[in-house]
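Heads up: the structure comes next, in structure tokens.
Reminder, nothing fancy here: chain letters follow the sequence lines and each chain counts from 1. Because the structure is a prediction, the values reported are computed rather than measured.
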Protein chains: 2
Amino acid sequence: MTTAHDLTKNQSLVFSALSDARAPLSAYTILDRLREDGFRAPLQVYRALEKLLEIGLVHRLESINAFVACAHPQCHNHGTMAFAICEDCGNVREFTDDQIAERLADWARTENFRPHKTIIELRGQCQACSIGEP
Amino acid sequence: MTTAHDLTKNQSLVFSALSDARAPLSAYTILDRLREDGFRAPLQVYRALEKLLEIGLVHRLESINAFVACAHPQCHNHGTMAFAICEDCGNVREFTDDQIAERLADWARTENFRPHKTIIELRGQCQACSIGEP
DNA sequence: TCGCATATGTAATGTTATCACGAAATTTTA
DNA sequence: TAAAATTTCGTGATAACATTACATATGCGA
Ligand SMILES: [Zn+2]
Ligand SMILES: [Zn+2]
Ligand SMILES: [Zn+2]
Ligand SMILES: [Zn+2]
């Protein structure tokens, strides 16, 4: 009981697949990569993802229907995260901005909106991929 | 040539369906609502949506795979919009926040990331739906 | 009228996600 | 430890979302 959560076998396999990947993976891509490990059906992936998302070890990228391992798994403190997703190479940067989180919280407060989850995603081109393109 | 764009018949039908709706609609819901008008296949909806999104008359809500008519169709100026989506009643509020847009632009500048599109979506509970729930 | 761009109709297919059911494994409690 | 409750897992079917491919039509300038 050293780590905060013990993962089941399936959860560990899915998390490893995401950790090993250099880019976000779709649930079905994960399934394909885990067939050798005995995965047969989408639900095996989705169930593991559900738990990993709940724990906070994995994030879902809503705008591309894909999943990434959290970039800061040690500090589970994250509230609102933002993701910059390169549309060329798939690279993802995860970051926080307290001012943005505050502004959104302010808006919600004044409008009496109760946020359960906040999604911030930048789609574009990363530095590496923009080299050579004026 | 009073309006900025002339819509085709299909585009007008899809836009009307979205304008008339009190909540975001999925592409397939739009299809069902337009069957009386001769729609038969998903592509008729998706093609119209593609154009309406390009023009800026309609927005896509990435986190729920649905579409809404723009709340400010007159000022086509909008850069980054944010959406507050009620998970109970489906009501959507569209708003801007220049400070948030600036912070994101700053992050992108310093990280040499070139954003093509920015997604901000708050999922939660609107004021009306939170009355009576402590 | 020809050529081109845009819009449309339709079927088929691809991709993403969930439901329903039961069995197995694990944890809880007596 | 044995029974009960809870959680996890396996599997097939199905639902929901989106695109490809190809044929046809329509409008417009040369
Ligand atoms: Zn994270
Ligand atoms: Zn890149
Ligand atoms: Zn708008
Ligand atoms: Zn509501």
To the nearest 10°, let me know how far the axis at one end of the helix from C:dT1-D:dA30 to C:dA30-D:dT1 is tilted from the axis at the other, five pairs an end.
-> 30°
Within residues 60-70 of chain B, the residues having a heavy atom closer than 4.0 Å to DNA chain D are B:Arg60, B:Asn65
Residues within residues 8-25 of chain A bordering DNA chain C, heavy-atom distance below 4.0 Å | none
Interatomic distance, A:Gln125 atom CD to B:Phe113 atom CZ [nearest 0.5 angstrom] | 8.5 Å
Determine whether A:Leu25 and A:Ile64 fall in the same hydrophobic cluster, where Ile, Leu, Val, Met, Phe, Trp and Tyr are linked whenever their side-chain heavy atoms lie under 4.5 Å apart.
-> no
Check whether any side-chain heavy atom of A:Leu49 sits under 4.5 Å from a side-chain heavy atom of A:Arg60, and report yes or no.
-> no
Chain B reaches DNA chain D, atoms under 4.0 Å from its heavy atoms, from D:dC17 to D:dA21
Please report the shortest heavy-atom distance between B:Leu31 and B:Pro42, naming the atom on each side.
-> CD2-N, 3.9 Å
For atom CD of B:Glu111, decide whether the heavy atoms of other residues, nucleotides or ligands shown that lie under 6.0 angstrom number more than 12.
-> yes
Can you list the residues that meet the ring-ring contact (aromatic ring centres under 6.0 Å, His included) rule with A:Tyr46, with sequence neighbours excluded?
-> none
Are A:Trp107 and B:Leu61 linked, directly or through other ILVMFWY residues, by side chains that come within less than 4.5 angstrom of each other?
-> no
Find out whether B:Glu62 and B:Lys117 are in side-chain contact, i.e. whether some heavy atom of one side chain is under 4.5 Å from a heavy atom of the other.
-> yes
Please check if B:Phe95 and B:Leu57 belong to a single hydrophobic cluster, counting links between Ile, Leu, Val, Met, Phe, Trp and Tyr side chain heavy atoms closer than 4.5 Å.
-> no
Test B:Leu7 against B:Leu52 for side-chain contact (heavy atoms from CB on, under 4.5 Å), laying out the working first.
-> CA-CA 9 Å; B:Leu7 301 180; B:Leu52 293 167; 4.0 Å; yes
With a 4.5 Å heavy-atom cut-off, do A:Leu104 and A:Ile120 have their side chains touching?
-> yes
DNA chain C-proximal residues of residues 38-51 of chain A, any heavy atom under 4.0 Å | A:Leu43, A:Tyr46
If we only count heavy atoms from C-beta on, is the A:Ile30 to A:Phe39 side-chain gap below 4.5 Å?
-> no
Which atom pair, heavy atoms only, marks the closest approach of B:Asn10 to B:Ala48?
-> O-CB, 3.9 Å
Is any side-chain N of the basic residue among B:Asp106 and B:Arg109 closer than 4.0 Å to the acidic one's carboxylate O?
-> yes
For B:Arg35, look at atom CZ and say whether over 12 heavy atoms of other residues, nucleotides or ligands are found less than 6.0 Å away.
-> yes
